[in-house]
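Residue numbering restarts at 1 for every chain, and letters A, B, ... go by the order of the sequence lines.
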Amino acid sequence: MSLHLYDTWTRSLREFTPLKAGEVGLYTCGPTVYNYAHIGNLRTYLFEDGLTRVLRLNGYQVNHVMNITDVGHLVSDADEGEDKMEAGSRRTGQTAWTIAALYTDAFRADLKALNIVEPTTWCKATDHIAEQISFIQEIEKKGYTYKTSDGVYFDTSKQSSYGYLGRLDIEGLQGGARVDLGEKRNATDYALWKFSAPEEKRQMEWDSPWGRGFPGWHIECSAMAHKYLGEYFDIHCGGEDHITVHHTNEISQTEAAYGTRLSNYWMHGYFLLTNDAKMSKSAGEFLRVQLLIDKGYDPISYRYLCLTAHYRSQLNFSWEALDAAQTALGRLRQNVFSLGEGAAKPNAEYVAKFMEKLNDDLNFPQALALAYELLKSDLPAAEKKATLIKFDEGFGFGLASWVPKEVEVPANVRAVADARWAARNAKDWAEADRLRGELAALGWAMKDGKDAYTLSKL
RNA sequence: GGCGGGUUAGCAAAGAGGUUAUGCAGCGGAUUGCAAAUCCGUUUAGAACGGUUCGAUUCCGUUACCCGCCUCCA
């Protein structure tokens with residue numbers, strides 16, 4: 001089966017056909033670096049990583065561009081309110097530029113911990129102010145802009161196609177608008193450029209043909225996607241929340257400036273929920289990869305958990321589910337390791353089935369089930385191993401390089417264990433059991449093997 | 001208020017109009033001095049009501065409940 005992907009634009013599964021043979025232009029909306037990423041944010045990057053892996057498994061060369069939003073969007077209230085970067089700066093007492101660098105590094109560390117392949121091109125919003133300004137000028141030239149006292153806005157009423165991606169009901173939106181329009185002409189109009197307030201000294205502001213200020217929050221993606229991938233490229237991804245506003249406006253801008261809908265396919269990852277509610281940064285506490293590590297989890301266990309659910313359905317996070325994933329991953333790794341070192345080729349039939357699952361809109365849950373079917377099959381060990389390592393190009397668990405962890409055993413623990421091993425071999429069961437209890441008190445479990453024992457931490 | 005999605009066994013989560021999802025947990029057995037690990041086997045399903053059908057958890061309708069977006073957001 002050839003690759004089929006769900007396209008939000010058509011709300012249907014479409015066969016994937018690249019615009020240029022053998023190549024894929026992919027733009028994925030990146031983080032706003034005013035705070036750490038939480039594991040809900042990272043679910044979307046895991047979905048996109050799965051996508052790039054599947055594209056590569058299909059033989060495509062993927063030109064993957066991701067932005068770093070290091071200029072503040074606005075905290076709330078449709079183009080009103082304070083700037084997130086400036087707010088983060090005030091919170092931490094560091095410059096906006098410093099915290100942008102800090103959280104960018106933290107984000108990349110998270111990607112690494114989850115074994116997410118980095119994009120081929122990173123681009124920072126603040127490095128592309130000129131591109132954003134000229135993009136706005138292009139829109140202005142086409143007659144879609146108007147100026148208010150606080151910025152330059154896009155007049156969505158001049159664009160009959162506006163809101164198609166989100167299937168927006170413009171009339172309904174006007175009626176149910178939750179915020180004041182201010183000087184905006186329509187509820188769906190959005191800022192292209194915002195002016196710095198006269199009394200305000202911003203850390204991040206630039207001169208523009210319209211006045212000193214900063215870019216609106218959708219223009220960077222349109223401008224950078226245009227610069228690195230052209231007027232029309234293959235796939236654009238983001239979280240489900242981007243459908244109705246951010247991506248709708250990216251399309252709007254690009255359509256005004258260049259007459260395309262920016263990307264041929266639009267794909268969206270769905271949210272991670274906790275306690276059946278969306279995980280959010282504004283709701284205070286949120287789960288970071290570092291917290292998982294601190295609690296003794298391997299971040300790859302979280303990756304495993306995400307792969308057990310389809311990217312297009314919401315996933316309810318719980319520690320119980322993460323425990324299950326960690327156990328399953330541990331066994332899978334041990335299983336693959338135990339298959340030995342023999343050389344073999346991947347089993348063509350299983351690989352074909354595997355590709356069929358992944359090519360069906362990235363069905364990782366079924367692909368994972370197939371891995372277990374393969375493990376239970378009666379194929380030769382070496383062939384199983386080669387096949388699973390092939391599968392892992394999609395999973396990204398790092399199965400090929402995994403080896404059981406060598407644990408450092410303190411000398412006193414080793415001494416007790418040796419004593420128990422001697423007692424056991426002397427069939428002194430009472431003493432052996434007593435010493436096992438002693439080990440447990442020290443926090444160690446002892447497993448008897450045929451010719452030797454192994455120790456593991458409790 | 002407008003738009004969209006969901007409800008599957010103890011937990012998480014898939015596909016399929018009729019034939020084992022899968023993982024974790026549980027249970028039984030093998031194995032073990034006892035364990036652990038492993039292996040083999042196995043019990044729990046598809047919100048409620050109605051319709052279509054030889055047959056529906058799967059398609060259609062109604063109801064209930066849950067969630068997301070519409071506001072910064074993955």
Let me check I have this right: for RNA chain B, each base becomes ., (, ), [, ] or |, based on Watson-Crick or G-U pairs with both distances under 3.5 Å. What is the full string? (((((((..(((.....[...))).(((((.......)))))....(((((..]....))))))))))))....

Checking contacts here: which listed nucleotide (B:rC69, B:rA14, B:rA12) is nearest the side-chain heavy atoms of A:Asn316? B:rA12

Base, sugar-phosphate alone, or nothing: which one does A:Thr454 contact when heavy atoms must sit under 4.0 Å apart? nothing

Pick base, sugar-phosphate or nothing for A:Gly269, based on heavy-atom distances below 4.0 Å to the nucleic acid. nothing

Reckon A:His242 touches a base, only the sugar-phosphate, or nothing at all at heavy-atom distances under 4.0 Å? sugar-phosphate

Distance check: side-chain N/O of A:Thr308 vs OP1/OP2 of B:rA14, anything under 4.0 Å? no

Is B:rG18 syn or is it anti, if syn means the base angle is within 90 degrees of 0? anti

Proximity to the side chain of A:Phe271 - top-ranked nucleotide from B:rC67, B:rA14, B:rC69: B:rC69

Would you mind telling me which of B:rG68, B:rA14, B:rA12 lies closest to the side-chain atoms of A:Ala321? B:rA12

Could you tell me whether A:Tyr45 contacts a base, only the sugar-phosphate backbone, or nothing, with contacts defined as non-hydrogen atoms closer than 4.0 Å? sugar-phosphate

Is any side-chain heavy atom of A:Val409 less than 4.5 Å from a side-chain heavy atom of A:Trp444? yes

Indicate, with a heavy-atom threshold strictly under 4.0 Å, whether A:Leu315 touches base, sugar-phosphate, or nothing. sugar-phosphate

A:Tyr453 ring centre to A:Arg420 NZ or CZ under 6.0 Å, with the angle to the axis within 45°? no

By nearest-heavy-atom nucleotide on RNA chain B, the more 5' of A:His310 and A:Leu42 is A:His310

Quick one, give me the B/S/- string for nucleotides 23-43 of chain B, reading 5' to 3', where B means a protein heavy atom under 4.0 Å from the base and S means that only happens at the primed atoms, P, OP1 or OP2. SSS-------BBBB-S-----

